[in-house]
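Inspection log for the structure reproduced underneath, given as structure tokens.
All residue numbers in this chain count up from 1 along the given sequence.
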Amino acid sequence: MDFDQIHDRQQFGSVKWANQWDEFSPRVEGEDLLSLWTADMDFRAPEAVIARLREAADHGIYGYTRRDPRHYEIVQSWFARRHNWSPVLETLLPAPAIMPSVAAILRTFTKSGDGVIVQSPVYSPYFEVIQGNGRVLLTNRLRLQNNQYELDLEDFERLAASGAKAFLLCNPHNPAGRAWTQEELGALNDICERYGILVISDDIHCDIRLSDRPHIVFSCISDDAAEKSFICTAPTKTFNLAGVPSATISVANKKRRNELLVAMQASFMVNANFFGRLALEVAYSTGAPWLDQLTSYIASNIDLVCEFATEHLPGITPIRPDASFLVWLDARALDLKVGGIQKFFVNRAGVNLYDGRVYGPGGEGFIRLNVGCPRSLLLQGLERMSAALTISS
């Protein structure tokens, strides 16, 4: 793969390069903006995926489609090979994408007014899916120690004891890219078991491995962890397929699995997307070499960010991720000084990054940088940021 090639994405309605999430949200305005914010990549999908989708497009009949048993065997095989997790086929349910799945799980197994725990700073749609569905957001703030996030288990147990019914786990963590260890997940599981809390685990960023920490699937912790958990997976971040989504939920508990399936059927969530199903199957079947090349390229981009920040971005400290193509930048030393670091870089550098405040308590003064782009664009963005800081100092 030539990950250095630059592609014009604006002609096909790219959210990232329109600097606007959807037609209902405000647009980030600025001249010649470099878009390094929302979490999709500027790389072509694996060629085998493209070829299969092109073949399907050329066929010209885009009717209702279904997933056959082989679809789930492909999912199982991918996770067995890459993450030492082989979910029983019968536990796997089809889903259109991860966040609709989270919404369906919350609506099925919690009631209006029930508390749901998240660990901030964290992926902002978690706040929307909890509060938008009438549940109460309970925020367990992570602790930043020595440039790495750690769990606050005492606070987590306080929230659990307050009557929480569910815990929405980001594994690996977004935005910091933290891969939770067996011991950490085990400690969370113990508390959830004690208080009867269900665990919804979002594992969408698990595949791009950047450190020697393996991805630990929550349901692998123990039998009781498996019984209480919903493991949500998708190839969309891994292979840059967000526009042709397809996802899978593993639910070990048979009663809950059947209840969730009924609820999803009632919301017409189980019909397969014609292209998304094919993209998942080909990506998981043949995409490992592409992913290995991508991971190496992303790792080099992260090295560039860390080295560049040390020399040319005073007041900004990157947190090196264990997984994903996102880098969480600690700019608290600059945030108040410049009147908001995200706006500063938009207005002074022409670089659009995600404002850490979006990620809830603990995100103030941080920015999230997407390094899933050609290195020349990343370097251009870093140089613009450096120039803006030099002028303002």
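Between R143 and D155 there is no salt bridge, since no side-chain nitrogen of the basic residue lies less than 4.0 Å from a carboxylate oxygen of the acidic one. A salt bridge links R27 with E29: the closest approach of a Lys/Arg side-chain nitrogen to an acidic carboxylate oxygen falls below 4.0 angstrom. Ionic pairing of R44 and D2 is not present here: no N-O contact between side-chain nitrogen and carboxylate oxygen is shorter than 4.0 angstrom. Ionic pairing of D303 and R320 is present here: one or more N-O contacts between side-chain nitrogen and carboxylate oxygen are shorter than 4.0 angstrom. Comment: D68 does not engage R70 in a salt bridge, judged by the lack of any side-chain N to carboxylate O separation of less than 4.0 angstrom. Comment: R178 engages E184 in a salt bridge, judged by a side-chain N to carboxylate O separation of less than 4.0 angstrom. Salt-bridge check for D152 with R141: failed, with every basic side-chain N at 4.0 Å or more from each acidic carboxylate O. Ion pairing between a basic and an acidic side chain is recognised when a charged N comes within 4.0 Å of a carboxylate O; D224 and K228 show such pairing. Between D292 and R209 there is no salt bridge, since no side-chain nitrogen of the basic residue lies less than 4.0 Å from a carboxylate oxygen of the acidic one. A salt bridge does not link E154 to R158: none of the charged nitrogens lies less than 4.0 Å from a carboxylate oxygen. Looking at E227 and R256, no side-chain N of the basic residue comes within less than 4.0 Å of a carboxylate O on the acidic one, giving no salt bridge.
Ring geometry for Y149 against H173 counts as tilted: the plane angle lies between 30° and 60°, on a 0 to 90° scale. Relative orientation of the Y297 and F3 rings is tilted, given thresholds of 30° and 60° on the angle between their planes. Between F366 and W328, the ring planes are parallel. Angles under 30° get that label, and only those over 60° would be called perpendicular. Classification of the F308-H312 ring pair by plane angle, with boundaries at 30° and 60°, yields tilted.
Test V15, N19, N370 against S35 for side chain to side chain contact (heavy atoms under 4.5 Å, CB included) and you get one pass: N19. For the side-chain hydrogen bond (donor to acceptor under 3.5 Å, both in side chains) test with H215, the passing option among D203, N84, D322 is D203; the others fail.
Aromatic rings of Y62 and F275 (six-membered ring for Trp) have centroids within the 6.0 Å cut-off, being under it. Separation of the F127 and Y359 ring centroids does not fall under the 6.0 Å cut-off. Ring centroids of W78 and F239 are separated by less than 6.0 Å, placing the two rings close together.
Remark: side-chain polar atoms of Q342 are paired, donor with acceptor, to backbone N or O of L353 under 3.5 angstrom. Formation of a donor-acceptor pair under 3.5 Å by the K165 side chain with backbone atoms of I197 is not found in this model. Judged by distance alone, the side chain of R135 and the main-chain N or O of A166 form no donor-acceptor pair under 3.5 Å. Looking only at distances, a side-chain donor or acceptor of S162 sits under 3.5 Å from a matching main-chain atom of L159. Judged by distance alone, the side chain of T91 and the main-chain N or O of P87 form no donor-acceptor pair under 3.5 Å. A distance-only check finds no donor-acceptor pair linking the side chain of R9 to the backbone of S14 [under 3.5 Å]. The closest donor-acceptor contact from the side chain of N240 to the backbone of F43 lies under 3.5 Å. Checked by atom type and distance alone, the side chain of N147 pairs as donor or acceptor with a backbone atom of P318 at under 3.5 Å. The closest donor-acceptor contact from the side chain of D190 to the backbone of A187 lies at 3.5 Å or more, if one exists at all.
Around atom CG of D8, more than 12 heavy atoms belonging to other residues, nucleotides or ligands sit under 6.0 Å away.
Through direct or indirect side-chain contacts shorter than 4.5 Å among Ile, Leu, Val, Met, Phe, Trp and Tyr, V346 is connected to V28, L33.
In plain terms, the two heavy atoms of S25 and Q20 that are nearest each other are O-NE2, 2.6 Å. Nearest heavy-atom pair, A388 versus A349, reported as atom, atom and distance to 0.1 Å: CB-CB, 3.9 Å. Here the closest heavy-atom approach between residue P172 and residue A323 is recorded as CG-CB, 3.7 Å. Of all the heavy atoms in I302 and P321, the pair that sits closest is CD1-CG, 3.6 Å.
In this structure, OG on S229 lies 9.5 Å from CD1 on I221, to the nearest 0.5 angstrom.
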Exercise. I would like to know whether E157 and R194 meet salt bridge (charged side-chain N to carboxylate O under 4.0 Å, His left out); could you show each step before the answer?
Key: CA-CA 9 Å; E157 181 151 16; R194 220 163 20 246; 3.2 Å; yes
Self-check item: Pair D355-R368, salt bridge (charged side-chain N to carboxylate O under 4.0 Å, His left out): steps then yes or no
Solution: CA-CA 7 Å; D355 189 337; R368 193 188 75 174; over 6 Å; no
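For the pair R384 and F345, the NZ or CZ position fails the cation-pi test of under 6.0 Å to the six-membered ring centre and within 45 degrees of the ring normal.
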